[in-house]
Amino acid sequence: MKGDFLSNLGRIYGFYTGGFLGFVILLAILEQLGVPNKIIGYLFVFFTLAVYAGIGILSRTMQVSEYYVAGRRVPPLYNGMATAADWMSAASFIAMAGGLYARGYDGLAFVLGWTGGYVLVAVLIAPYLRKFGAYTVPDFLGARFGGNFARTIGIIVLFCCSFTYIVGQVVGVGTIASRFLGISFEIAVFVGLIGILVCSMMGGMRAVTWTQVAQYIVLIIAYMVPVVILSAQTTGVPVPQLMYGDILQRITELEQTKPALAGVTPHIIPFSSFDPLNFFALILCLMVGTASLPHVLMRFFTTPSVRDARKSVGWSMLFIFLLYFTAPSYAAFAKYEIYANVIGANIAALPDWVQIYSSIGLVTITDLNTDGILQIAELKINPDVIVIATPEIAGLPYVIAGLVAAGGLAAALSTADGLLLAIANALSHDVYYRMIDPTASTAKRLMIARILLVAVALLAAVVASSRPGGILALVAWAFSLAAAGLFPVLVLGVWWKRCTNQGAIAGMIIGFGFTLFYLVGTKYFGMPLWFGVSNISAGLFGIPTGFLATIIVSWMTPAPSKEMQDFIDSIRIPRGQTLMEEKAD
């Protein structure tokens, strides 16, 4: 980006934020004037997509360094916002509060795991990969472990975990688009696909970075507004995080006194859906997976220096904290509204939102005892719909529901863009340029990257249209695969000079293979669970075996050269120049 643009970022995004808030106020006025809800939903979806597309088109580039790492000129504050948007996917925005709603206390495993993972990113990995100067994670593996075999295994792991993750994002986009555009889910995923592609195809990482900053602003406003209003309406205090304890107490009272809630699992009781082993195993897999996800690590390749990479991690943790600190109260306020105003009501007189979400298969009502009164066992809500539906559940103006939809789209699109870029860049840079045609021109390299990006996006939409699983489950699988396949070799590759090429290859193959075997076997082939560990925590077996295999094989094979060991020492020194800058294009 040009210097004048970078120096005016505060003003540019200040105008953008003001414009977005003005747009929301305008739609609120239109709603009061009688404009149909469907039109407001269309305006929210298409206006935000148009803005993201505009940023993507304006950020188009034909420079390799700009396409892959945004020219390494992104200031830490804005890289922190972009990283937060890249990180806070449909799983964070849509599914995390839904998971907390469905699981109560046990849902905190997702909050703890995802948040704690950033400490590992900051301490163990991100600054050192930035000092190395990589374009991609397999780039580091190829240079550190000498040759294309380790690079190839890294690409396979990256593709599997990133593709699984991106399918979850496309499911989220389809869920929102089907609700607010009134189209089938199968068509909605391809509509969302267009939004994903226009953000990333022309400008690569440069376009994705500045689009993600804009998307963070939308998603955090959209997440905060409904729960702040709910808190004010319910408790008189517009700070939901402070009123979390109060609303939990009200939920507990309803659970104990309302006949229609008889037999419900108490919200605050621990280990009701996860036993202690699975609870802490999930936290571990999510933490380690966070520190291994290629699309997250790529964000720290875009900062001007190692010092800025560290600062960027700090900013991203702050921006992520704002949403994660709010999610438990969001789930609690949503549950209170449903328990207080829906459960125990006459089924024939249920509010409109129940019919709306029933029509797209996300809510199911079954009058089991035929008394016409809704019991807790007779209502099934897809957890992925909680955040989207809460404004309607609480009877808030429809414009708030549209705002939440825009935020959910921003979250899903921002992560999908980052994931697509991680896959396409690895295939175009590490496979095509590094292995097939090292003399390829800049134009040809970028053409290949864009073709691969479109191909992967289409494949993800096709898979997502079959609804392969809930968003949280898909994302948890991706974390286990990344944790077992990449974390051991990344950490040992930076922190243990004795780690060898053969050890890294063995560690990736055994750790990733073990995890994939357990995940697929228990999910699709009826294989019994080992020690009762759920398949979403499959990394519990792959992470230690990956470390053990890497260490044992490394000790059994000749040590790396003196030059490589000195190179690793230099990576761990914070100051100094990037070690492996590519030629300017």
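Note that the numbering runs from 1 along the sequence shown for the chain.
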Tell me which donor-acceptor pairs under 3.5 Å the side chains of residues 32-48 have, and how far apart each pair is, sequence neighbours excluded?
residue, atom, partner, partner atom, Å
Tyr42, OH, Leu181, O, 3.0
Thr48, OG1, Phe44, O, 2.8
Thr48, OG1, Val45, O, 3.0

Practice task
Provide the closest heavy-atom pair for Val208 versus Arg299 in the form atom of the first, atom of the second, distance.
Solution key: CG1-NH1, 4.4 Å
Fill in the blank from the handout: Rounding to 0.5 Å, atoms CD (Gln63) and OH (Tyr67) come to a distance of 14.0 Å
Problem - Which atom of Leu396 lies closest to which atom of Gln233, heavy atoms considered - result: CD2-NE2, 3.4 Å
Problem - Flag for Ser92-Tyr324: side-chain donor and acceptor within less than 3.5 Å - result: yes
Problem - Spatial distance of atom CG (Asp246) from atom CD1 (Ile251) [nearest 0.5 Å] - result: 10.0 Å
Practice task
Would you please say whether a donor-acceptor pair under 3.5 Å links the side chains of Arg250 and Thr235?
Solution key: no
Practice task
Working to the nearest 0.5 Å, report the span between CG of Leu158 and OG of Ser292.
Solution key: 11.5 Å
Handout entry: Note, Ile365 side chain near Leu374 side chain (heavy atom, < 4.5 Å)
Key = yes
Problem - Residue Trp315 excluded, over 12 heavy atoms near CH2 under 6.0 Å - result: no
Practice task
Check the pair Phe479, Trp114 against side chain to side chain contact (heavy atoms under 4.5 Å, CB included), reporting the backbone distance first and the verdict last.
Solution key: CA-CA 10 Å; Phe479 278 73; Trp114 285 334; 3.3 Å; yes
Handout entry: N/O donor-acceptor pair under 3.5 Å between Thr234 side chain and Ser231 backbone
Key = no
Exercise for the section: Check for a donor-acceptor pair, side chain of Ser316 on one end and backbone N or O of Thr83 on the other, with a separation under 3.5 Å. Expected result: no
Exercise for the section: Return yes if a side-chain donor-acceptor contact under 3.5 Å exists between Asp308 and Ser305, otherwise no. Expected result: yes
Practice task
Please examine the side chains of Leu100 and Phe110, heavy atoms only from C-beta on, and report whether any two atoms are closer than 4.5 Å.
Solution key: no
Handout entry: Nearest-0.5 Å distance, CG of residue Leu413 to CD of residue Gln212
Key = 10.5 Å
Exercise for the section: Please confirm whether the backbone N or O of Trp210 pairs with a side-chain atom of Tyr13, one donor and one acceptor, at under 3.5 Å? Expected result: yes
Problem - Expected output: side-chain Tyr339 to main-chain Leu254 donor-acceptor under 3.5 Å - result: no
Exercise for the section: Would you tell me whether Ser414 and Asp86 have side-chain atoms, one donor and one acceptor, within less than 3.5 Å of each other? Expected result: no
Practice task
Keeping the roles fixed (side chain from Lys258, backbone from Ala340), state whether a donor-acceptor pair exists under 3.5 Å.
Solution key: yes
Exercise for the section: Indicate the ring-plane relationship of Phe23 and Phe20, choosing parallel, tilted or perpendicular according to the 30° and 60° boundaries. Expected result: tilted
Practice task
Flag the pair Glu66 and Arg73 as a salt bridge only when some basic side-chain nitrogen lies within less than 4.0 angstrom of an acidic carboxylate oxygen.
Solution key: yes
Exercise for the section: Work out which heavy atom in Gly174 is nearest to a heavy atom in Val189; give both atom names and the distance. Expected result: CA-CG1, 3.9 Å
Practice task
Assert yes or no for the condition that the ring centre distance of His267 to Tyr101 is strictly below 6.0 Å.
Solution key: no
Exercise for the section: Answer yes or no: is there a side-chain heavy-atom contact under 4.5 Å between Phe163 and Val167? Expected result: yes
Exercise for the section: Decide yes or no for Ile343 and Glu378: does some side-chain heavy atom of the first lie under 4.5 Å from some side-chain heavy atom of the second? Expected result: no
Practice task
Before giving the answer on side chain to side chain contact (heavy atoms under 4.5 Å, CB included), spell out for Thr415 and Met88 the whole-Å C-alpha distance, their side-chain angles and the decisive distance to 0.1 Å.
Solution key: CA-CA 7 Å; Thr415 303; Met88 290 192 295; 5.9 Å; no
Problem - Thr302 and Arg72, any side-chain heavy atoms less than 4.5 Å apart - result: no
Practice task
Would you indicate whether Asn346, at its atom CG, is surrounded by more than 12 heavy atoms from other residues, nucleotides or ligands within a distance under 6.0 Å?
Solution key: yes
Practice task
For the residue pair Leu350 and Ile347, establish whether any side-chain heavy-atom pair is separated by less than 4.5 Å.
Solution key: yes
Problem - Distance-only polar pair, side chains of Tyr357 and Glu392, donor-acceptor under 3.5 Å - result: yes
Exercise for the section: Show your reasoning for whether side chain to side chain contact (heavy atoms under 4.5 Å, CB included) applies to Phe300 and Val121. Expected result: CA-CA 10 Å; Phe300 302 108; Val121 171; 3.7 Å; yes
Practice task
Taking the six-membered ring for Trp and the single ring otherwise, decide whether the centroids of Trp87 and Phe319 are under 6.0 Å apart.
Solution key: no
Problem - Any Gln215 side-chain heavy atom under 4.5 Å of Thr211 side chain - result: yes
Practice task
Decide yes or no on side chain to side chain contact (heavy atoms under 4.5 Å, CB included) for Tyr336 and Leu248, but give the supporting numbers first.
Solution key: CA-CA 8 Å; Tyr336 177 75; Leu248 286 181; over 6 Å; no
Practice task
Give a yes or no on whether the backbone of Ser273 and the side-chain of Asp106 come within a donor-acceptor separation of less than 3.5 Å.
Solution key: yes
Fill in the blank from the handout: One should read off an interatomic distance between Cys285 SG and Ile536 CD1, to the nearest 0.5 angstrom, of 8.5 Å
Exercise for the section: Decide side chain to side chain donor-acceptor pair (under 3.5 Å) for Thr390 and Glu337; before the verdict, give the C-alpha distance in whole Å, the side-chain angles of both, and the deciding distance to 0.1 Å. Expected result: CA-CA 9 Å; Thr390 290; Glu337 287 292 328; over 6 Å; no
Handout entry: Note, Leu419 side chain near Tyr165 side chain (heavy atom, < 4.5 Å)
Key = yes
Exercise for the section: Please report the closest heavy-atom contact between Tyr52 and Ala410, naming both atoms and the distance. Expected result: OH-CB, 3.3 Å
Problem - Exercise: identify the closest heavy-atom pair between Pro240 and Ser329 - result: O-CB, 3.6 Å
Handout entry: Spatial distance of atom OG1 (Thr366) from atom CD (Gln375) [nearest 0.5 Å]
Key = 12.5 Å
Practice task
Determine, stepwise, if the pair Asn425 / Thr136 fulfils side chain to side chain donor-acceptor pair (under 3.5 Å).
Solution key: CA-CA 7 Å; Asn425 287 1; Thr136 67; over 6 Å; no
Fill in the blank from the handout: Between Gly99 and Pro383, the two heavy atoms sitting closest are N-CB, 4.4 Å
Handout entry: Donor-acceptor contact present, side-chain Ser358 to main-chain Val363, <3.5 Å
Key = yes
